[in-house]
Amino acid sequence: MARAKYYIKKADSKESDTVFETTRKADAERYFNRLCEDFKRNVKFAVETVRMGYFTVRYIPCSECTEYWIEKY
């Protein structure tokens, strides 16, 4: 039986990129939570929508929005 893979994805406007991938759920959640906390601590970014496995980040001087989420395959 094959293990599931967990991907942390990032989408700027139209394209999505893989930021991190692992076969362990705990590692994916730990990295995802650390990424969210780093954006919350930084003054230049505003973390707006936070749900389980999903959050959006807005760069304060402009209106560009970036989404981060966890996918499982």
Side-chain angles (χ1 to χ4, degrees):
M1 182 191 283
R3 289 185 138 219
K5 282 202 143 189
Y6 296 90
Y7 299 92
I8 296 178
K9 300 268 186 144
K10 164 188 167 181
D12 288 334
S13 57
K14 297 175 185 171
E15 299 180 21
S16 65
D17 299 322
T18 301
V19 178
F20 181 76
E21 74 178 69
T22 184
T23 56
R24 299 188 180 269
K25 183 179 179 181
D27 291 343
E29 289 174 345
R30 192 176 306 122
Y31 185 86
F32 185 77
N33 291 333
R34 190 174 347 126
L35 187 65
C36 184
E37 290 300 318
D38 287 344
F39 279 118
K40 284 181 182 178
R41 279 190 228 126
N42 196 337
V43 179
K44 296 179 183 177
F45 296 99
V47 177
E48 294 178 341
T49 308
V50 179
R51 294 188 304 240
M52 180 168 277
Y54 175 85
F55 70 90
T56 59
V57 176
R58 187 172 302 274
Y59 185 66
I60 291 180
C62 59
S63 63
E64 292 183 23
C65 186
T66 306
E67 301 173 313
Y68 291 88
W69 69 93
I70 298 176
E71 286 186 4
K72 176 183 173 184
Y73 290 115

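- Between Lys44 and Ile60, every side-chain heavy-atom pair lies at or beyond the 4.5 Å cut-off.
- Looking at heavy atoms from C-beta onward, Val19 lies in side-chain contact with Tyr68 at the 4.5 angstrom threshold.
- Proximity of the aromatic rings of Phe20 and Tyr7 is defined here by a centroid distance below 6.0 angstrom, and this criterion is not met.
- Here Tyr54 pairs with nothing under the ring-ring contact (aromatic ring centres under 6.0 Å, His included) rule; sequence neighbours left out.
- Here Lys10 does not pair with Glu67 in a salt bridge; the nearest charged N to carboxylate O distance is not below 4.0 Å.
- Atoms OG1 and CZ, on Thr56 and Phe39 in that order, are 11.0 Å from each other to the nearest 0.5 Å.
- Not counting sequence neighbours, Arg51 has no partner by the salt bridge (Lys or Arg N to Asp or Glu O under 4.0 Å) test.
- Rounded to the nearest 0.5 angstrom, Leu35 CG and Lys40 NZ are separated by 11.5 Å.
- Rounded to the nearest 0.5 angstrom, Met52 CE and Ile70 CD1 are separated by 9.0 Å.
- To the nearest 0.5 Å, atoms CG (Asn42) and OH (Tyr59) are separated by 9.0 Å.
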Exercise for review: Please lay out, stage by stage, how Glu64 and Arg58 fare under the test salt bridge (Lys or Arg N to Asp or Glu O under 4.0 Å).
Suggested key: CA-CA 6 Å; Glu64 292 183 23; Arg58 187 172 302 274; over 6 Å; no
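- There is a side-chain donor-acceptor pair under 3.5 Å between Trp69 and Glu71.
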Exercise for review: Take Cys65 and Val57 through the side-chain contact (heavy atoms from CB on, under 4.5 Å) test and state the conclusion after the steps.
Suggested key: CA-CA 6 Å; Cys65 186; Val57 176; over 6 Å; no
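- Within the 3.5 Å criterion, the main-chain N or O of Arg24 finds a donor-acceptor partner in the side chain of Thr22.
- When side chains are defined from C-beta on, Tyr31 counts as touching Ile8, because their heavy atoms get closer than 4.5 Å.
- The distance between the ring centers of Phe32 and Phe55 falls below 6.0 angstrom.
- Here the straight-line distance linking atom CG of Asp27 with atom CD of Glu21 works out to 12.5 Å at 0.5 Å rounding.
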